[in-house]
**Q** 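Attaching a single structure in structure tokens format; questions to follow.
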Amino acid sequence: MSFQRDFHYRIPMRVGGQRPGAHRSSTTGSGQEFIAHQTLFDRPDPRRLDLRASIRDPEGRWLVRVNRQRAGIPVYLVADVSASMAFGSSDTKLARLAQFALSLGDSVFRTGDALGMLGYDGRERTDLMLAPMHSRGAGVMMSEALGRARADQASTDGVLEACARIAGKQALVFLASDFHAPLAQTSAALDLLSHAYVVPMVIWDEAEPRAPDGEGLLALRDIETGRRRGLWLRPQIRRRWEDAFAQRREALDKMFSARGTRPFYMTGRFDADALSRYFFEAV
């Protein structure tokens, strides 16, 4: 099976970094985006001297061009490794997140940005923390760390602690989870990331949105608590199951839309082309 490793991303806002990169910035420098003219006295850079503008200047001043440069931005993967991420009909959701980390590493390195990672379950997972780095192997390191991670904690309370580390920073943040946690908790995490451009990665298994086929007694086990229970599967229960997922998706869309972003639904294997389209539609 073919798998396109990388995707293309763009930020629909200006970044303020000083390191040259691929994104539009508010920093003046050696870019190609013209802002204005300044006098050579105010901005002593003869390399940017604009002879035509200087000749036309009614005061006879020497004028230089002031341009904006393109800049880099740090990229973070904030990964949910709670117990629900261990579910999967073929691959687990955590394994698919590890697959996405490989693609993310290739894409960020090609673009020239720095890549880091934070993880959480019931607390912040410092064993998964990776400081932003410019390295071709960052994605591999992240993918291997996620592959080794224990996903046995029912809580996701650590998301606030993890997001607090980058609160107030301008960054591109991939917030990756199945988002089965209370909406109030996710909303509080988004508030901490208000200065960042957040891409919510909603990772669902293909089996989650629809009830199993057939009718009769179904044995269920809560993957987070380990409790078992029986459920008599009938048409009414199947409709309620599917309606509950549709309502959850609608609630997530509404919450993210209120903060000016859109979720990227990853149901099944990661599709790099789909994520590229997501960014092109946002710009």
Side-chain angles (χ1 to χ4, degrees), residues 5-7 9 74-88 91-109 113-133 135 137-167 169 171-182 185-190 192-193 196-205 208 223-224 252 256 261 263-272 275 278:
R5 288 283 298 274
D6 55 357
F7 58 91
Y9 65 91
V75 180
Y76 288 91
L77 173 62
V78 180
D80 175 5
V81 292
S82 64
S84 64
M85 295 294 287
F87 174 77
D91 296 329
T92 67
K93 290 181 280 188
L94 190 58
R96 288 173 175 171
L97 178 55
Q99 181 190 60
F100 166 70
L102 283 174
S103 178
L104 180 63
D106 287 347
S107 304
V108 172
F109 180 77
D113 294 325
L115 177 62
M117 181 171 71
L118 299 166
Y120 67 92
D121 46 26
R123 56 181 176 80
E124 183 188 11
R125 290 288 295 271
T126 55
D127 58 313
L128 297 177
M129 186 168 62
L130 179 70
M133 63 173 66
S135 171
V140 176
M141 295 170 60
M142 290 164 47
S143 181
E144 291 177 348
L146 290 169
R148 296 190 302 265
R150 294 180 294 101
D152 55 5
Q153 297 294 313
S155 173
T156 56
D157 292 345
V159 63
L160 300 180
E161 188 179 355
C163 290
R165 286 191 177 271
I166 53 176
K169 293 184 178 180
L172 171 60
V173 178
F174 290 89
L175 185 59
S177 172
D178 53 17
F179 291 97
H180 292 323
Q185 184 185 84
T186 303
S187 180
L190 293 173
L192 290 172
L193 301 175
Y197 183 71
V198 181
V199 178
M201 302 282 295
V202 184
I203 304 174
W204 286 345
D205 188 82
E208 285 184 284
I223 197 169
E224 294 191 339
L252 289 173
F256 292 130
T261 188
F264 177 78
Y265 288 94
M266 191 174 121
T267 304
R269 289 187 172 273
F270 171 64
D271 184 347
L275 188 54
Y278 170 94

**Q** Which heavy atom in Leu128 sits nearest to a heavy atom in Ala145, and how many Å separate them?
**A**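 Taking every non-hydrogen atom into account, CD2-O, 3.6 Å.
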**Q** Can you spot which of Ile203, Leu275, Leu146 makes a side chain to side chain contact (heavy atoms under 4.5 Å, CB included) with Phe100?
**A**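 Exactly one option meets the side chain to side chain contact (heavy atoms under 4.5 Å, CB included) with Phe100, and it is Leu275.
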**Q** For side-chain hydrogen bond (donor to acceptor under 3.5 Å, both in side chains), just list the numbers for Ser84 and Asp178, CA-CA rounded to whole Å, side-chain angles, deciding distance to a tenth of an Å, and then say yes or no.
**A** CA-CA 8 Å; Ser84 64; Asp178 53 17; 2.6 Å; yes
**Q** For Ala79 and Leu97, which heavy atoms make the closest approach, and how far apart are they?
**A**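 Of all heavy-atom pairs spanning Ala79 and Leu97, the closest is CB-CD2, 3.7 Å.
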**Q** When rounded to the nearest 0.5 angstrom, what distance separates CE in Met141 from CE in Met117?
**A**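 It is 8.5 Å, given to the nearest 0.5 Å.
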**Q** If you compare all heavy atoms of Asp157 against all heavy atoms of Gly122, which two are closest, and at what distance to 0.1 Å?
**A**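 It is CB-O, 3.8 Å.
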**Q** Any chance you could measure Asp152, atom CG, to Ser82, atom OG, to the nearest 0.5 Å?
**A**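 One finds 10.0 Å between CG of Asp152 and OG of Ser82.
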**Q** Atom CE in Met85, atom OG1 in Thr92: separation rounded to 0.5 Å?
**A** 8.0 Å
**Q** May I ask you to test the Met201-Leu175 pair for a side-chain heavy-atom distance under 4.5 Å?
**A** no
**Q** How close do Cys163 and Ala189 get, heavy atom to heavy atom, and via which atoms?
**A** SG-CB, 4.1 Å
**Q** Between Ser107 (side chain only) and Ser103 (backbone N and O only), is there a donor and an acceptor less than 3.5 Å apart?
**A** yes
**Q** Provide the closest heavy-atom pair for Glu161 versus Glu124 in the form atom of the first, atom of the second, distance.
**A** OE1-N, 3.4 Å
**Q** Between Asp80 and Lys93, is there a salt bridge with N-O shorter than 4.0 Å?
**A**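 Salt bridge absent between Lys93 and Asp80.
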**Q** Measure the spacing between CG of Leu104 and CG of Asp6 and express it to the nearest 0.5 Å.
**A**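 Output value for this atom pair is 11.0 Å.
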**Q** Are the side chains of Pro200 and Thr261 in touch, meaning some heavy atoms are under 4.5 Å apart?
**A** yes
**Q** Looking at Arg150, is its backbone amide N or carbonyl O close enough to the side chain of Arg125 to form a donor-acceptor pair, meaning the two atoms are under 3.5 Å apart?
**A**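 Indeed, once roles are kept as given, a pair shorter than 3.5 Å links the two residues.
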**Q** Tell me, do Leu172 and Val199 make a side-chain contact under 4.5 Å, heavy atoms counted?
**A** yes
**Q** Does the side chain of Leu192 reach to within under 4.5 Å of the side chain of Ile166, using non-hydrogen atoms?
**A** no
**Q** Run the numbers on Asp121 and Thr156 for side-chain contact (heavy atoms from CB on, under 4.5 Å), then give the verdict.
**A** CA-CA 5 Å; Asp121 46 26; Thr156 56; over 6 Å; no
**Q** Would you check if the distance from the ring center of Phe7 to the ring center of Tyr278 is below 6.0 Å?
**A** no
**Q** Output, in order, the C-alpha distance, side-chain angles, deciding distance and verdict of side-chain contact (heavy atoms from CB on, under 4.5 Å) for Arg165 and Leu118.
**A** CA-CA 9 Å; Arg165 286 191 177 271; Leu118 299 166; 3.8 Å; yes
**Q** How long is the span from the CG atom in Asp127 to the CZ atom in Arg148, to the nearest 0.5 Å?
**A** 9.0 Å
**Q** Nearest 0.5 angstrom please: Met142 CE to Leu77 CG, how far?
**A**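 Nearest 0.5 Å value for the CE-CG distance: 4.5 Å.
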**Q** I'd like to know whether the aromatic ring centres of Phe264 and Phe256 sit less than 6.0 Å apart in this structure.
**A** no
**Q** Donor-acceptor pair, distance only, cut-off 3.5 Å: does the side chain of Ser143 make one with the backbone of Ala98?
**A** yes
**Q** Decide side-chain contact (heavy atoms from CB on, under 4.5 Å) for Lys169 and Tyr76; before the verdict, give the C-alpha distance in whole Å, the side-chain angles of both, and the deciding distance to 0.1 Å.
**A** CA-CA 11 Å; Lys169 293 184 178 180; Tyr76 288 91; 3.9 Å; yes
**Q** With Tyr265, which residues qualify under side chain to side chain contact (heavy atoms under 4.5 Å, CB included), at least two apart?
**A** Val202, Trp204, Arg249, Leu252, Asp253, Pro263
**Q** Is there a side-chain contact between Met133 and Leu115 in this structure, where contact means two heavy atoms from C-beta onward sitting under 4.5 Å apart?
**A** no
**Q** Carefully, step by step, assess Asp113 and Tyr9 under the rule side-chain contact (heavy atoms from CB on, under 4.5 Å).
**A** CA-CA 11 Å; Asp113 294 325; Tyr9 65 91; 2.6 Å; yes
**Q** Taking Asp205 first and then Arg96, would you say they form a salt bridge - that is, a charged N and a carboxylate O separated by under 4.0 Å?
**A** yes
**Q** I'd like to check Glu208 versus His180 (side-chain heavy atoms, cut-off strictly below 4.5 Å). Are they in contact?
**A**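 When only atoms from C-beta onward are counted, His180 and Glu208 do touch, with a gap below 4.5 Å.
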